[in-house]
Amino acid sequence: MKNQITSALSDFFFEYETPRQVLVRNKRVGLVCRFIQMGVLVYIIGWVFIYEKGYQSTDTAVSSVFTKMKGVGYTNVSGRETVWDVADYVFPSQGDSSFVVMTNFIITEGQKMGKCPELTGKCTSNDDCTEGSYKRTGHGHMTGVCVNTTKTCEVLAWCPVENDTIIPKPPLLTSAENYTLFIKNSVTFPLFDVTRSNLVEGIDGAYLKKCLHHPKNDPLCPIFKLGDIVKHSGFSFEDLAQEGGAIGIVIDWTCNFDVDVKHCKPQYNFHGLYGNKDSTNASLGYNFRYAKHYMENNEAKRTLLKVFGIRFDIIVQSLARKFDIIPTLTAIGSGVGIFGVATVVCDLVLLYLLPKRKFYKNMKFKYTDTHTQISC
């Protein structure tokens with residue numbers, strides 16, 4: 001028993017096993033093997049390393065965006081001249097990455113709390129106007145009275161109620177096409193400890209005073225004309241300005257830090273988000289309401305505006321890459337493992353499909369007979 005244990009330990013520590021290899025001279029199997037290996041090699045070099053850049057690690061940026069609008073608008077509605085500046089037509093006014101520029105509006109002045117008839121919803125008697133109820137599209141609570149002159153229900157609301165059935169055409173603030181938008185964007189890639197701004201090398205105060213963004217002639221200028229943004233997004237400014245819409249301004253940071261950091265520069269793209277006149281959606285455009293409250297003869301009043309505008313959403317997308325030994329070795333290791341597919345496929349062809357499969361099987365495998373030792 002002791003000798004058997006010693007022999008087993010000796011075999012375990014002092015013997016080395018190696019697989020047996022059989023060299024098969026067969027054109028079909030050889031071509032299949034080389035074809036598969038070539039395909040794997042093309043996949044590793046072409047797809048993993050060149051296209052997917054599997055030798056690099058990746059990181060996305062932490063971003064901040066600051067915006068500033070400039071421009072003055074003018075309207076003349078029913079002989080009333082008004083000049084609109086940034087404080088009047090931009091919502092909100094804090095320079096956020098998402099904001100609305102007013103291009104059209106419906107104004108209802110001198111509203112005060114009281115009782116007045118609705119504009120829509122015909123009635124024939126007081127029974128059609130249930131006291132205390134309200135309609136989803138109405139302006140206030142019903143008083144239970146059907147007004148004979150208008151044949152509509154009386155409501156407790158801000159009176160006179162708003163009439164928004166007719167949208168001004170052409171838009172009242174067509175001058176918004178010439179407003180300019182300044183975008184300041186900063187991105188940080190924490191993994192690579194790199195911070196970049198869209199005010200890249202060569203962009204200084206003197207340059208900003210005279211530049212205007214153009215996709216080809218001036219692609220790095222961070223000052224944009226609103227009309228150009230709408231045009232590049234595929235819309236007509238006048239059509240979009242009448243009932244409003246939304247446009248996405250995409251700032252793309254795709255950087256390769258294997259080269260100098262100064263080559264990491266932003267690219268600007270523009271996309272219409274909704275509000276397309278050719279769309280079959282039930283609700284088109286973009287609008288909202290806001291009120292300016294004031295006191296007149298000790299009575300609370302307000303001026304209500306239904307604002308039609310273009311909403312701008314600034315979206316920052318980023319992807320930075322840099323050489324890293326760990327993903328490189330991982331990609332190489334997985335590629336070497338895939339090379340084993342050629343051996344598996346060729347063994348299947350060799351052992352199960354070829355006419356001389358029995359001969360090849362005998363050459364590949366060595367069989368031993370099991371003898372049962374009989375004790376005397």
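In this chain, residues are counted from 1 in sequence order. Since this is a predicted model, take the numbers as computed values, not measurements.
A salt bridge (Lys or Arg N to Asp or Glu O under 4.0 Å) with E109 is found for one member of K292, R80, K301 and no other, namely R80. For the ring-ring contact (aromatic ring centres under 6.0 Å, His included) with Y179, the qualifying choice from F237, F224, Y89, F99 is Y89, the only one to do so.
In this structure, F189 has its ring center under 6.0 Å from that of F257.
Taking all atoms of both residues into account, the shortest heavy-atom contact from S236 to V230 is C-CG1, 4.0 Å. Of all non-hydrogen atoms in G248 and L273, the two that sit nearest each other are N-CG, 3.6 Å. Nearest heavy-atom pair across L212 and D218 is O-CB, 3.6 Å. Here the closest heavy-atom approach between residue A61 and residue V187 is recorded as CB-CB, 3.8 Å. For T58 against L191, the heavy-atom pair with the smallest separation is O-CD2, 3.5 Å. Across all their heavy atoms, R302 and Q111 have their closest contact at NE-OE1, 2.8 Å.
The side-chain heavy atoms of T67 and I314, taken from C-beta on, include a pair separated by under 4.5 Å. The closest side-chain heavy-atom distance from L305 to I106 is not below 4.5 Å. With a 4.5 Å cut-off on side-chain heavy atoms, T254 and Q267 do not count as touching. For the pair S125 and D127, the minimum side-chain heavy-atom distance is below 4.5 Å. Annotation: side chain of T152 is not in contact with side chain of L119 (no heavy-atom distance under 4.5 Å). In this structure the side chain of W158 never reaches within 4.5 angstrom of the side chain of T108, judged on heavy atoms. Taking 4.5 Å as the limit, some side-chain heavy atom of W84 sits within range of a side-chain heavy atom of T75. Between P222 and L199, some side-chain heavy-atom pair lies under the 4.5 Å cut-off.
In this structure, D347 contributes its side chain and V344 its backbone to no donor-acceptor pair below 3.5 Å. For N76 (side chain) and G79 (main-chain N/O), a donor-acceptor pair under 3.5 Å exists by modelled atom type. In terms of modelled atom types and a separation under 3.5 Å, the side chain of N198 and the main chain of N185 share a donor-acceptor contact. Here the side chain of H141 pairs no donor or acceptor atom with the backbone of L156 at under 3.5 angstrom. T103 places no side-chain N or O within donor-acceptor distance of the main-chain N or O of A176, the cut-off being under 3.5 Å. Although no hydrogens or angles enter the test, the distance criterion places no donor-acceptor pair under 3.5 Å between the side chain of N297 and the main chain of E299. Using modelled atom types, one side-chain atom of N104 and one backbone atom of Q242 make a donor-acceptor pair closer than 3.5 Å.
For T328 and D324, the side-chain atoms include no donor-acceptor pair closer than 3.5 Å. Judged purely by distance below 3.5 Å, without hydrogens or angles, the side chains of D258 and Q56 pair a donor atom with an acceptor atom. Side chain to side chain, S186 and S64 fail the donor-acceptor criterion of an N or O pair below 3.5 Å. Judged purely by distance below 3.5 Å, without hydrogens or angles, the side chains of S98 and D96 never pair a donor atom with an acceptor atom. No side-chain donor-acceptor contact under 3.5 Å links R321 and S57.
Hydrophobic clustering, with ILVMFWY side chains joined whenever heavy atoms are under 4.5 angstrom apart, keeps L304 apart from M113. The hydrophobic cluster containing L226 also contains V86, counting ILVMFWY residues as joined when their side-chain heavy atoms lie under 4.5 angstrom apart, directly or transitively. Grouping the Ile, Leu, Val, Met, Phe, Trp and Tyr side chains by contacts below 4.5 angstrom, directly or via other members, places I325 with I332. Grouping the Ile, Leu, Val, Met, Phe, Trp and Tyr side chains by contacts below 4.5 angstrom, directly or via other members, places L220 apart from V261. Two different hydrophobic clusters hold V307 and I167 under the rule that ILVMFWY side chains link at heavy-atom gaps under 4.5 Å.
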Legend entry - Intermediate values then yes/no, side chain to side chain contact (heavy atoms under 4.5 Å, CB included), C146 and D128: CA-CA 7 Å; C146 179; D128 297 329; 5.8 Å; no
Inset, instruction - Apply side chain to side chain contact (heavy atoms under 4.5 Å, CB included) to the pair L181 and I223, showing each step before the final yes or no. - result: CA-CA 6 Å; L181 168 66; I223 299 177; over 6 Å; no
Inset, instruction - Would you please test F91 and Y290 for ring pair (Phe, Tyr, Trp, His ring centres under 6.0 Å) and show each step? - result: CA-CA 10 Å; F91 308 89; Y290 83 98; 5.1 Å; yes
Legend entry - Residue pair C33, C346: steps toward the disulfide bond (SG atoms under 2.5 Å apart) verdict: CA-CA 6 Å; C33 180; C346 290; 4.1 Å; no
Inset, instruction - Kindly indicate, with the supporting measurements, whether the criterion side chain to side chain contact (heavy atoms under 4.5 Å, CB included) is fulfilled by I36 and F339. - result: CA-CA 8 Å; I36 296 174; F339 267 104; over 6 Å; no
Inset, instruction - Test C221 against C211 for disulfide bond (SG atoms under 2.5 Å apart), laying out the working first. - result: CA-CA 6 Å; C221 179; C211 81; 2.1 Å; yes
Inset, instruction - Take C116 and C159 through the test disulfide bond (SG atoms under 2.5 Å apart) and record every step on the way to the result. - result: CA-CA 6 Å; C116 51; C159 300; 2.0 Å; yes
Inset, instruction - Any chance you could lay out the side chain to side chain contact (heavy atoms under 4.5 Å, CB included) test for L173 and M102, step after step, and finish with the verdict? - result: CA-CA 7 Å; L173 285 169; M102 179 168 64; 3.9 Å; yes
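Listed by first and then second residue, the ring pair (Phe, Tyr, Trp, His ring centres under 6.0 Å) pairs involving residues 49-79 are W47-Y51 (not counting sequence neighbours).
For the atom pair SG of C264 and CG of N256, the computed distance is 9.5 Å after rounding to the nearest 0.5 Å. To the nearest 0.5 Å, the span separating OG1 on T82 from CD1 on I107 amounts to 7.5 Å. Rounding to the nearest 0.5 Å gives a distance of 7.0 Å between CD1 of I50 and CD1 of I45. Taking CD1 from I310 and CG from L240, the interatomic distance works out to 4.5 Å, rounded to the nearest 0.5 Å. With rounding to the nearest 0.5 angstrom, the CZ atom of F182 is 5.5 Å from the CG atom of L208. Remark: F270 CZ to F235 CZ distance equals 14.0 Å, nearest 0.5 Å.
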Donor-acceptor contacts, no H, no angles, side chain residues 129-140, under 3.5 Å, sequence neighbours left out:
from	atom 1	to	atom 2	distance (Å)
S133	OG	T130	O	2.7
H139	ND1	E118	OE1	2.8
H139	NE2	E162	O	3.4

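Salt-bridge formation is detected for the pair R311/D313: a Lys NZ or Arg NE/NH1/NH2 atom is positioned less than 4.0 Å from an Asp or Glu carboxylate oxygen. Between D164 and R289, at least one side-chain N (NZ, or NE/NH1/NH2) sits under 4.0 Å from a carboxylate O, which counts as a salt bridge.
Contacts of Q37 classified as side-chain hydrogen bond (donor to acceptor under 3.5 Å, both in side chains), with partners at least two apart in sequence or in another chain: R34.
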